[in-house]
2 protein chains.
Amino acid sequence: MNKGDTFRPEEDRPGAEAAPESDGAVSLYELEESLGFLLRISQVRAYERFYAAFDEIELRPGEFSVMWVILRNPGVRHGLLAETLGIKPAQMTKMIRRLEVQDRIRRVIPDDDRRSVRLYLTAGGKAFVREHRDAFFGHDDYHNHGLSEAECRQLAHLLRRYSGVGRRTDN
Amino acid sequence: MNKGDTFRPEEDRPGAEAAPESDGAVSLYELEESLGFLLRISQVRAYERFYAAFDEIELRPGEFSVMWVILRNPGVRHGLLAETLGIKPAQMTKMIRRLEVQDRIRRVIPDDDRRSVRLYLTAGGKAFVREHRDAFFGHDDYHNHGLSEAECRQLAHLLRRYSGVGRRTDN
DNA sequence: ACGAAAATCTTTACTTGGAAACAATTTAAA
DNA sequence: TTTAAATTGTTTCCAAGTAAAGATTTTCGT
């Protein structure tokens, strides 16, 4: 596939910017095929939808995921949690502290390895997850993208493959 | 705001399938179906691949996209460019200034509307885009995700639909 | 057993991103 | 016209993210 054939700079002569003078809509051309670009734009949209859905309560995008994983993997280590969710350790420390101050999680330093930190949800944390679980996973927050149920599953499948998430259990 | 006053021992029914003490790998369960989560993880991977591919030259993810769109839409306005690429105006101002200092783009304030700023690539900017175009759009930077050509196109298609990219704004 | 190296998390200092206020210009209204 | 409102981009200031160094604790080699 030769891509050079479509490469035609609109404005070539020096000092001649009289050409098309882009005004109305902007053309992206090959950018609309770039996975990196599309992933970024899509994530910006996802964040907008998240904040629109969880406007009333004080919740940031990563916090629910962290609480969810701790609920499902009680006693998970700080570092393993960070690695799994693609959050940098330093950032995870801040988030964990915030959740601890809100009395949603509990930090436990085990005796068999006092370097590590094991994480648990408090009763309040469990209640919080239970309360907002449907809003987070359900279709309430994701019903504005115009994709069908089957397309959503297809997209999720491709994203799992692209990112390598869930290597063990995924097909 | 304590709703459950009954104290229970540590293991308060963590979940149907979850082990009491998570040690090895972490299970994500429903999180592996969440488009928001998968989009974030995928974008983290895409950034890692971008930085790995453009390690030697000084280039940030958004900069090439901005130069590309200016090349294809010479004279595009600052604000329209920001809106199209999902970049906040304040951030765009910084990026534009950096690219201007590097002598890759040129800012022109037109006489017919002296509030706006029209953007053009310099000769050096055009050369830069021409030089790295294939590395950016080609498969060099995206050949580690394990998706086939057809799957890439399918993923791009779904992401365009999800994000609404390329949809004409009629206002 | 002892000291070096590795593992694990935290802290610090710096960079990047964003919301809101600001400045300049153009359009609309009175 | 003259003033108010909207448009467009910039600046300021604060929050969020990250890399590098630090502090403990454990492991490993000798």
Side-chain angles (χ1 to χ4, degrees), chain A residues 21-24 26 40-41 43-48 50-52 55 58-66 70 75-101 105-120, chain B residues 22-24 26 40-41 43-48 50-52 55 58-63 65-66 70 75-101 105-120 169 171:
Chain A
E21 285 299 312
S22 167
D23 242 354
V26 176
R40 182 181 170 284
I41 293 291
Q43 215 222 327
V44 169
R45 297 285 172 270
Y47 267 58
E48 289 172 358
F50 178 91
Y51 282 117
D55 192 19
E58 177 195 342
L59 184 65
R60 302 185 206 186
E63 292 184 346
F64 189 90
S65 299
V66 164
I70 296 174
V76 65
R77 280 196 303 99
H78 181 120
L80 182 56
L81 181 60
E83 187 190 2
T84 303
L85 297 182
I87 299 174
K88 296 287 188 299
Q91 175 63 13
M92 181 62 81
T93 293
K94 295 180 190 177
M95 188 182 290
I96 290 301
R97 173 159 312 155
R98 209 161 47 233
L99 289 170
E100 198 184 12
V101 167
I105 74 170
R106 196 159 40 95
R107 293 165 72 256
V108 174
I109 297 180
D111 276 338
D112 61 316
D113 186 348
R114 301 182 44 74
R115 295 169 300 184
S116 64
V117 176
R118 290 183 174 274
L119 303 169
Y120 301 89
Chain B
S22 169
D23 243 355
V26 176
R40 182 180 171 285
I41 293 291
Q43 215 221 328
V44 168
R45 297 283 172 272
Y47 266 58
E48 288 173 359
F50 178 91
Y51 282 116
D55 191 19
E58 176 194 344
L59 183 66
R60 301 183 208 189
E63 291 184 347
S65 298
V66 164
I70 295 174
V76 65
R77 278 196 307 97
H78 182 118
L80 182 56
L81 181 59
E83 186 189 1
T84 304
L85 297 182
I87 298 173
K88 295 288 186 301
Q91 176 62 14
M92 182 62 82
T93 294
K94 298 177 190 177
M95 188 183 291
I96 290 300
R97 174 159 312 153
R98 210 162 46 233
L99 289 171
E100 198 184 12
V101 167
I105 74 170
R106 196 157 39 97
R107 293 166 72 255
V108 174
I109 297 180
D111 276 339
D112 62 316
D113 186 348
R114 300 182 46 73
R115 295 169 301 183
S116 63
V117 176
R118 289 183 175 275
L119 302 169
Y120 301 88
T169 54
N171 53 332

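Chain identifiers are assigned alphabetically (A, B, ...) following the order of the sequence lines, protein sequences preceding nucleic acid strands; residue numbering begins at 1 within each chain.
Using a 4.0 Å heavy-atom cutoff across all strands shown, B/R98 reaches no nucleic acid atom at all.
Contact of the A/V66 side chain with the A/I87 side chain is registered, since non-hydrogen atoms from C-beta on lie closer than 4.5 Å.
For B/R98, the side chain to side chain donor-acceptor pair (under 3.5 Å) partners two or more places apart in sequence, or in a different chain, are B/E63. Partners of B/R60 under the side chain to side chain donor-acceptor pair (under 3.5 Å) rule, at least two apart in sequence or in another chain, do not exist in this structure. A/Y47 meets the side chain to side chain contact (heavy atoms under 4.5 Å, CB included) test with A/Q43, A/Y51, A/P61, B/R40; sequence neighbours excluded. Residues meeting the side chain to side chain contact (heavy atoms under 4.5 Å, CB included) test with A/E100, sequence neighbours left out: A/I105, A/R107. Not counting sequence neighbours, the partners of B/D111 by the salt bridge (charged side-chain N to carboxylate O under 4.0 Å, His left out) test are B/R114. B/R115 pairs by the side chain to side chain donor-acceptor pair (under 3.5 Å) definition with B/D113, not counting sequence neighbours. In this structure, A/R97 has no side chain to side chain donor-acceptor pair (under 3.5 Å) partners at least two apart in sequence or on a different chain. Residues meeting the side chain to side chain contact (heavy atoms under 4.5 Å, CB included) test with B/P110, sequence neighbours left out: B/D112, B/S116, B/R118.
Sorted pairs that involve residues 83-94 of chain A and meet salt bridge (charged side-chain N to carboxylate O under 4.0 Å, His left out), not counting sequence neighbours, are lacking altogether.
Separating the CD1 atom of A/I109 from the P atom of D/dT26 is a distance of 11 Å, rounded to the nearest angstrom. Residue A/Q43 contributes atom CD, which lies 16 Å from atom P of D/dA16 at whole-angstrom precision. Note: CZ (B/R107) to P (D/dT8) measures 16 Å, nearest angstrom. For the pair A/D111 CG and D/dT26 C1', the computed distance is 14 Å after rounding to whole Å. Between A/L85 atom CG and D/dT18 atom C1' there is a gap of 17 Å when expressed in whole angstrom units. One interatomic measurement links the two molecules: CG of A/D113 to P of D/dC28, which rounds to 12 Å at whole-angstrom precision.
Residues from residues 88-97 of chain A placing a heavy atom under 4.0 Å of any atom in DNA chain D, listed by number, are A/K88, A/A90, A/Q91, A/K94.
Here the CG atom belonging to B/L81 is positioned 6.0 Å from the CD1 atom belonging to B/I96, to the nearest 0.5 angstrom.
For the pair A/R40 and A/V117, both in contact range of DNA chain C, the more 5′-proximal nearest nucleotide belongs to A/V117. Heavy-atom distances to DNA chain D give each of A/D112 and A/G86 a nearest nucleotide, and the one nearer the 5′ end belongs to A/G86.
Residue side chain B/R115 reaches the base of D/dT7 through a donor-acceptor N/O pair under 3.5 Å, judged by distance alone.
A 4.0 Å heavy-atom criterion places the boundary nucleotides of DNA chain C facing chain B at C/dT16 to C/dT26, written 5' to 3'.
Rounded to 10°, the helix from C/dA1-D/dT30 to C/dA30-D/dT1 has 10° between the axis fitted to its first five pairs and the one fitted to its last five.
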